[in-house]
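See structure below.
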2 protein chains.
Amino acid sequence: MTKLHSHQHDHDAGHAHDHNHNHCIDTALATAETLCIEQGQRLTKVRRRALELIWESHRPLGAYQLLAKLAEEGFNSAPPTVYRALDFLLAAGLIHKVESMNAYLGCAHADRAHKGYFLICDECHNVMEFDYQDIHAALIAKAAKQGFELRAETIELTGLCADCKAKATDAAAVGTSA
Amino acid sequence: MTKLHSHQHDHDAGHAHDHNHNHCIDTALATAETLCIEQGQRLTKVRRRALELIWESHRPLGAYQLLAKLAEEGFNSAPPTVYRALDFLLAAGLIHKVESMNAYLGCAHADRAHKGYFLICDECHNVMEFDYQDIHAALIAKAAKQGFELRAETIELTGLCADCKAKATDAAAVGTSA
DNA sequence: GATAATTTTGTTATGGTATAACAACTCAAA
DNA sequence: TTTGAGTTGTTATACCATAACAAAATTATC
Ligand SMILES: [Zn+2]
Ligand SMILES: [Zn+2]
Ligand SMILES: [Zn+2]
Ligand SMILES: [Zn+2]
């Protein structure tokens, strides 16, 4: 697990805040390998590369975007290739699907069982995963009150992230002073 | 507004519980007309019929399923027809989109502003809309804590509804006693 | 190591969801 | 009655996802 502590300001990669995104990638890949070994699963070339490509940013990646990237690198370019890789990564809990975007996102907490709760920025399209045990418990209770047995949750919140809100405020300030 | 109080047991229409579904339909259509008049919007034939068809059950309807039904009745059968109707109904708040199903559902509370929170049964595919102000408030607070300004929410919970859970329990009981 | 079983990948085809772009029509206001 | 806005018709296309079966690679068993 190579940890590069170089401080990068890689806005094109689409992160939510300034952070060392290589660390995100390294951690995710290391976790993936550990989990696959533990569970006797095979992290093949195409699966591993798909995971890396999804982790290029904190913006969800569409299946066909991923397919194009894989094709550029010489992988087979038919849809089943990418959907199989996605299915594997989803089943292994290494990625999430963002339903409201039909796109896929690396999971930073693959090593612990959890539901994906997402904050999606309308502006920069970065997605932050958050865990809110209180809300989860409240949802279970609410469902149970109606006799409903909860199995899965799709919690996707959209709006403006802190960075984009700051930028919008700045732009407005420039607008009024000009 | 024709209220038929005939008690129907219309399981094929896909309701969550026994109820007079004509009442759901009548109320929804009446609300739609009122809202459209208030807002100077035109509930044209195709829009109105689309809304009625979506309200045939409490199961979300896919765009192409809707398109087929409209086509049967002599409406234009090209996709834009149905997507335009859906866009109108969505914008008017008369229907919701269930993102995890790519399907559309009549809204029973179109007259008051609200977010759609859904309980989706994996078995019968009925969807119940529920409103849980506490959870909404908690989500806003949670987002705000991260500097995130919340705009829209996709809350879709899947599992087993009370009816289907009861049926599953019955079936299991028969299985063990046999 | 050879063989068989299992998993993964290749390949072709198809189905399902959604929008772009522009022409024609309808309706209400000016 | 022209004008203009909104709505609908029409064709084409883009994007998302899976079915079905063949071939190859990996693993297990002999
Ligand atoms: Zn990162
Ligand atoms: Zn943002
Ligand atoms: Zn009903
Ligand atoms: Zn059910």
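Computed from a predicted structure; not experimentally measured. Naming convention: chains lettered A, B, ... in sequence-line order (proteins, then strands); numbering from 1 in each chain.
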_Output field: ring centroids B/His136/B/His114 closer than 6.0 Å_ =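 For B/His136 and B/His114, the ring centres are not under 6.0 Å apart.
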Among the nucleotides [options], which one has an atom lying closest to any side-chain atom of [X]?
| X | options | value |
| --- | --- | --- |
| A/Ala78 | C/dT9, C/dA20, C/dT12 | C/dT12 |
| B/Tyr83 | C/dT9, C/dA18, D/dG6 | C/dA18 |
| A/Pro79 | D/dG9, D/dA17, D/dT7 | D/dA17 |
| B/Arg42 | D/dG6, D/dT26, D/dT10 | D/dG6 |

Within this structure, what is the [atom1]-to-[atom2] distance between [X] and [N], rounded to whole angstrom?
| X | N | atom1 | atom2 | result |
| --- | --- | --- | --- | --- |
| B/Arg47 | D/dG6 | CZ | P | 11 Å |
| B/Asp87 | C/dA20 | CG | P | 10 Å |
| A/Leu86 | C/dT8 | CG | P | 15 Å |
| A/Leu43 | D/dT26 | CG | P | 14 Å |
| B/Phe75 | D/dT7 | CZ | C1' | 14 Å |
| A/Arg49 | C/dT9 | CZ | P | 16 Å |
| B/Leu67 | C/dT17 | CG | C1' | 11 Å |
| A/Leu70 | C/dT8 | CG | P | 17 Å |

*If we require ring centres under 5.5 Å and near-parallel planes under 30°, does A/Tyr64 stack on D/dC15?*
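Base of D/dC15: not stacked against A/Tyr64.
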Between atom [atom1] of [X] and atom [atom2] of [Y], what is the distance when rounded to the nearest 0.5 Å?
| X | Y | atom1 | atom2 | result |
| --- | --- | --- | --- | --- |
| B/His96 | B/His109 | NE2 | NE2 | 8.0 Å |
| A/Thr154 | B/Glu99 | OG1 | CD | 9.5 Å |
| B/Glu123 | B/Asp163 | CD | CG | 11.5 Å |

*State which residue, out of B/Glu129, B/His125, B/His21, fulfils the side chain to side chain donor-acceptor pair (under 3.5 Å) condition with B/His58.*
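Among the candidates, only B/His21 passes.
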*Between B/Gln65 and A/Phe88, name the one whose nearest nucleotide on DNA chain C is closer to the 5' end.*
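Its nearest nucleotide lies further toward 5', so the answer is A/Phe88.
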*Donor-acceptor pair between A/Ser100 and A/Glu156 side chains, under 3.5 angstrom*: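 Short answer, yes.
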_I'd like to know if B/Arg84 reaches the base of D/dG6 with its side chain such that a donor and an acceptor end up less than 3.5 angstrom apart._
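No pair found.
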List the atom pairs, donor and acceptor, that lie under 3.5 Å between side-chain atoms in residues 78-86 of chain B and the rest of the protein, sequence neighbours left out.
{"residue": "B/Thr81", "atom": "OG1", "partner": "B/Asn76", "partner atom": "ND2", "Å": "3.0"}
{"residue": "B/Thr81", "atom": "OG1", "partner": "B/Ala78", "partner atom": "O", "Å": "3.3"}

*With nearest nucleotides of DNA chain D determined for A/Pro80 and A/Gly62 from heavy-atom distances, which residue corresponds to the more 5′ nucleotide?*
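Its nearest nucleotide lies further toward 5', so the answer is A/Gly62.
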*Is there a residue in residues 89-102 of chain B whose heavy atoms reach under 4.0 Å of DNA chain C, and which residues are they?*
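Within residues 89-102 of chain B, the residues near DNA chain C are B/Lys97, B/Asn102.
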*Phosphate OP1/OP2 of C/dT9: any A/Asn76 side-chain N/O under 4.0 Å*: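 A/Asn76 to C/dT9 OP1/OP2: no side-chain N or O under 4.0 Å.
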*Apply salt bridge (Lys or Arg N to Asp or Glu O under 4.0 Å) to B/Asp87 and list each qualifying residue two or more places apart in sequence or on a separate chain.*
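With neighbours one apart ignored, the set is empty.
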*How is A/Tyr104 classified with respect to the nucleic acid when contacts are heavy atoms under 4.0 Å: base, sugar-phosphate, or nothing?*
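Sugar-phosphate, no base atom in range.
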